[in-house]
Amino acid sequence: VLGHLQRHAADLVVMATHRRGGLDRLLHTSISESLSGQADSGALLVPYDVDGFVDPESGEVRLRRVLVPIDGAPDPQPAIDAVVDLVEAIAPGDVEIRLLHVGDPAGMPSPDLPGSDTCVWSRVHCSGSVVDGICRDAEEHDVDLIAMTTNGHDGFLDVLRGSTTERVLQRSGCPILSVHSAAR
C-alpha cells in the first residue's frame, strides 16, 4: 500500500482499524496505524466498532460536529485546514468545529481560521489529562469526527503506549482524522 501511495499521491487514506491496547497492542501491529504514520497523506481511521459519519445504506453524510484539539505543539493548523477542506467537500450544511485546548487557558493558541461558508467555530477549554479531555468532550458533545495533527511517536513511552492520537483512537466513539505535522 505504501508503494502505491508513493507512486500515486492521495489527499486522504481511509482505513478501518482495530482498537488495540496494552499487551494486545504490543503483540499485534496495527496496519492502519503503521500506514497512517508512514503515508504522506492524511488518514481517516474508522474503528470497526464505530459508526462513521456516512450512512452505509443511503450514503447520507451526518457530519454536524468536529472536535479539533489545539495546543502549541504540534501545530493544529494542518488539522484545521484538512477539516475545512473535508467539510466544504462533503457536508450538507453547517458544521460546528470545536477547537479544544486542554491545559492552562493562557496557553490556548489562536490558529488561523480559514474563511468558510459551512464551518461554525467555537473555542472551548478544559483541564486535566489531554487524552481524557479530548475523549470526554467528544462524548459529551456527540462529535462525529475528531481531527488531530500528529507528530507520531515522540519518544520511547509513545512507542509503548501509543501517540496521543493513537490513545484517543483507542477510546473514541467516532472516527479520527490524523494529519501529519508540517514539522515531520
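Only a predicted model underlies this, so the values are computations on that prediction, with no experimental measurement involved. In what follows, residues are counted from 1 in the order of the sequence shown.
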Verify, without hydrogens or angle tests, whether [X] (side chain) and [Y] (backbone) share a donor-acceptor contact under 3.5 angstrom.
X: Thr149; Y: Ser181; answer: no
X: Gln77; Y: Asp112; answer: yes
X: Asp104; Y: Gly107; answer: no
X: His101; Y: His125; answer: no

Rounded to the nearest 0.5 Å, how far does [atom2] of [Y] lie from [atom1] of [X]?
X: Leu45; Y: Ser178; atom1: CG; atom2: OG; value: 6.0 Å
X: Arg167; Y: Ser172; atom1: CZ; atom2: OG; value: 14.0 Å
X: Arg62; Y: Arg64; atom1: CZ; atom2: CZ; value: 8.5 Å
X: Glu96; Y: Cys119; atom1: CD; atom2: SG; value: 11.0 Å
X: Arg123; Y: Leu100; atom1: CZ; atom2: CG; value: 12.0 Å
X: Ser116; Y: Ile80; atom1: OG; atom2: CD1; value: 12.5 Å

Which atom of Asp94 lies closest to which atom of Asp117, heavy atoms considered = OD1-O, 3.5 Å
Are [Y] and [X] co-members of a hydrophobic cluster defined by side-chain heavy atoms under 4.5 Å apart?
X: Ile146; Y: Met15; result: yes
X: Met108; Y: Val124; result: no
X: Ile70; Y: Ile134; result: no

Of Leu44, Val87, Leu67, the residue whose pairing with Leu145 passes side chain to side chain contact (heavy atoms under 4.5 Å, CB included) | Leu44
